[in-house]
Engineer: 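One structure is given below, represented as structure tokens, and several questions about it will come after.
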Amino acid sequence: MNNDANNPELSGARIPGHAVVSDDAGKAAGPAAVSLRPAYHLTVPEQWLNDPQRAIYVNGSFSLYYLYSTTYYLPGEWRRVQSKDCVSFEDKGIAIPLDGDFAAWSGSAVVDTGDTAGFGAGTVIALVTQPTDGDGHRQEQYLWYSHDGGASFEPYGKPVIPNTTASDWFRDPKVAWDAKEGRWIAAIGCKHAVAFYESHNLKDWRELPPFTYEGQNIGGAECPDLFEMRADDGTSHWLLGISVQGTLAGKVNTYAYWTGSWQGGRFLADDPEPQWLDYGWDWYAAVTWEDPDDPGQRYGMGWMNNWDYAARSVPSDASDGFNGMMSLVRQIRLHAHDGRYTLRSRPVDALERYASDRLEIPDALVRAGDGIDEGIRLPFYARSYRMDACISMKSAQGASI
């Protein structure tokens with residue numbers, strides 16, 4: 001846990017130490033004199049982290065999983081962290097292990113409260129993409145089950161959703177409950193499409209018509225996100241999100257989504273072109289999950305990296321022996337505006353409780369210039385801080401912080 005409260009350089013500022021990753025977090029593992037482990041982001045204790053896996057809520061806390069391995073591209077496994085407020089995370093170790101070349105790729109877990117799968121009410125069920133026989137081109141969907149609240153999982157056996165077309169892009173199943181139809185729906189990422197399947201027991205799946213996007217070229221679908229959500233006008237809507245290669249269309253690689261509905265076994269989008277929940281480079285493979293206390297709100301987290309430059313050394317490899325972190329968790333709501341429904345997000349409210357001090361900076365006109373003296377110098381020093389700012393661009397051509 002990061003805690004620099006006794007560092008005289010911080011002039012009394014307290015590092016919250018809430019991204020709990022291991023007992024050794026913050027200790028330098030290499031030659032660098034200063035730890036580069038962030039205070040406000042979930043990081044891997046050591047080695048490599050990528051895709052987050054949607055969190056589940058069990059016994060008053062969230063369990064969130066992510067892909068973990070010893071280095072880039074090597075076969076990996078699911079690692080678990082636990083949180084009560086979506087800010088502070090405690091490392092709980094490996095939940096779905098690596099077995100030789102039989103890696104655990106992305107997928108999703110659900111709590112089977114109605115015992116639809118027959119493993120017992122409350123069993124945690126995960127659908128996970130795995131490369132059959134270690135062949136990355138044989139991407140198939142396997143079932144794992146947990147009787148200890150998602151702390152550890154047992155394999156069910158053969159694939160429950162086999163790869164019948166031998167596609168090399170058939171991965172990342174996201175499972176959602178359709179209360180109206182009394183069924184489970186699985187969304188699976190494909191090339192320029194999302195495959196859909198339905199099931200009543202999480203074991204036997206029937207293929208539904210796929211969703212294809214044929215407008216701007218945004219590449220294949222990775223880490224699909226499927227959920228039903230109540231908007232701020234009280235109406236309910238289905239949303240389909242995917243992480244895409246936006247650079248092919250002059251955008252960035254991030255999270256695109258469509259609002260829509262299920263009609264005749266088919267997902268129908270309200271608009272053929274997607275909307276974008278984020279416009280930055282480092283919010284990829286993102287997942288969202290339910291707020292158990294508010295049906296009109298979800299939480300979301302993305303991997304703060306990008307496959308255009310992910311698999312290379314970074315400074316934290318030398319300073320702390322790890323590579324990879326997650327974004328802050330966001331609160332997400334669906335807003336109605338002029339007949340259209342749009343997702344809006346902001347950092348979780350619980351983050352406010354970790355602030356040790358506050359500073360209000362009055363409105364100011366900042367002159368153009370190359371030197372820092374042309375701007376505003378903050379009257380304190382801290383290793384981490386949060387800034388909320390409103391910038392008026394009436395006459396400015398750009399601004400920097």
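What you see is a predicted model; the values in this text were computed from it and never measured. Along the sequence shown, the residues carry numbers beginning at 1.
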Engineer: Establish, yes or no, whether the cationic atom of Arg386 lies under 6.0 Å from the six-membered ring centre of Tyr40 and within 45° of the ring axis.
Structural biologist: no
Engineer: Asn253 and Gly246: which non-hydrogen atoms are nearest, and at how many Å?
Structural biologist: OD1-N, 3.0 Å
Engineer: State, without any angle test, whether Thr116 and Asp112 hold a side-chain donor-acceptor pair at a distance under 3.5 Å.
Structural biologist: yes
Engineer: Can a cation-pi geometry be assigned to Arg80 and Trp78, taking NZ or CZ under 6.0 Å from the six-membered ring centre and within 45° of the ring axis?
Structural biologist: no
Engineer: Quick check: are there more than 12 heavy atoms from other residues, nucleotides or ligands sitting under 6.0 Å from NE2 of His137?
Structural biologist: no
Engineer: Could you go through Ser106 and Gln53, starting from their C-alpha distance and side-chain angles, then the distance that decides it, and tell me whether this counts as side-chain hydrogen bond (donor to acceptor under 3.5 Å, both in side chains)?
Structural biologist: CA-CA 7 Å; Ser106 283; Gln53 312 297 309; 3.0 Å; yes
Engineer: Closest heavy-atom contact between Thr212 and Glu214?
Structural biologist: OG1-OE2, 3.7 Å
Engineer: With respect to Val194, which candidate in Ile242, Asp172, Leu226 satisfies the side chain to side chain contact (heavy atoms under 4.5 Å, CB included) definition?
Structural biologist: Ile242
Engineer: Please identify which of these residues, Asn201, Leu208, Leu202, meets the side chain to side chain contact (heavy atoms under 4.5 Å, CB included) condition with Trp205.
Structural biologist: Leu202
Engineer: Salt bridge (Lys or Arg N to Asp or Glu O under 4.0 Å), that's the test. Do Asp294 and Arg333 meet it? Break it down for me.
Structural biologist: CA-CA 10 Å; Asp294 186 351; Arg333 292 188 177 274; 2.6 Å; yes
Engineer: Would you call the rings of Phe102 and Tyr142 parallel, tilted or perpendicular, where under 30° means parallel and over 60° means perpendicular?
Structural biologist: perpendicular
Engineer: Please assess Gln275 against Tyr341 for the test side-chain hydrogen bond (donor to acceptor under 3.5 Å, both in side chains), listing each intermediate value before the final yes or no.
Structural biologist: CA-CA 10 Å; Gln275 300 185 69; Tyr341 292 88; over 6 Å; no
Engineer: For residues Trp303 and Ala310, report the shortest heavy-atom separation together with the two atoms involved.
Structural biologist: CH2-CB, 3.7 Å
Engineer: Do Glu77 and Arg79 pass the salt bridge (Lys or Arg N to Asp or Glu O under 4.0 Å) test, and can you show the C-alpha distance, the side-chain angles, and the key distance before you say yes or no?
Structural biologist: CA-CA 6 Å; Glu77 45 206 336; Arg79 193 164 187 136; over 6 Å; no
Engineer: May I have the step-by-step check of side-chain hydrogen bond (donor to acceptor under 3.5 Å, both in side chains) for Tyr255 and Asp225, ending in yes or no?
Structural biologist: CA-CA 9 Å; Tyr255 185 102; Asp225 193 21; 2.8 Å; yes
Engineer: Given side-chain hydrogen bond (donor to acceptor under 3.5 Å, both in side chains), test Trp262 with Glu198 step by step and report yes or no.
Structural biologist: CA-CA 12 Å; Trp262 287 98; Glu198 68 173 358; over 6 Å; no
Engineer: Among Val81, Val287, Asn50, which residue meets the side chain to side chain contact (heavy atoms under 4.5 Å, CB included) test with Tyr66?
Structural biologist: Val81
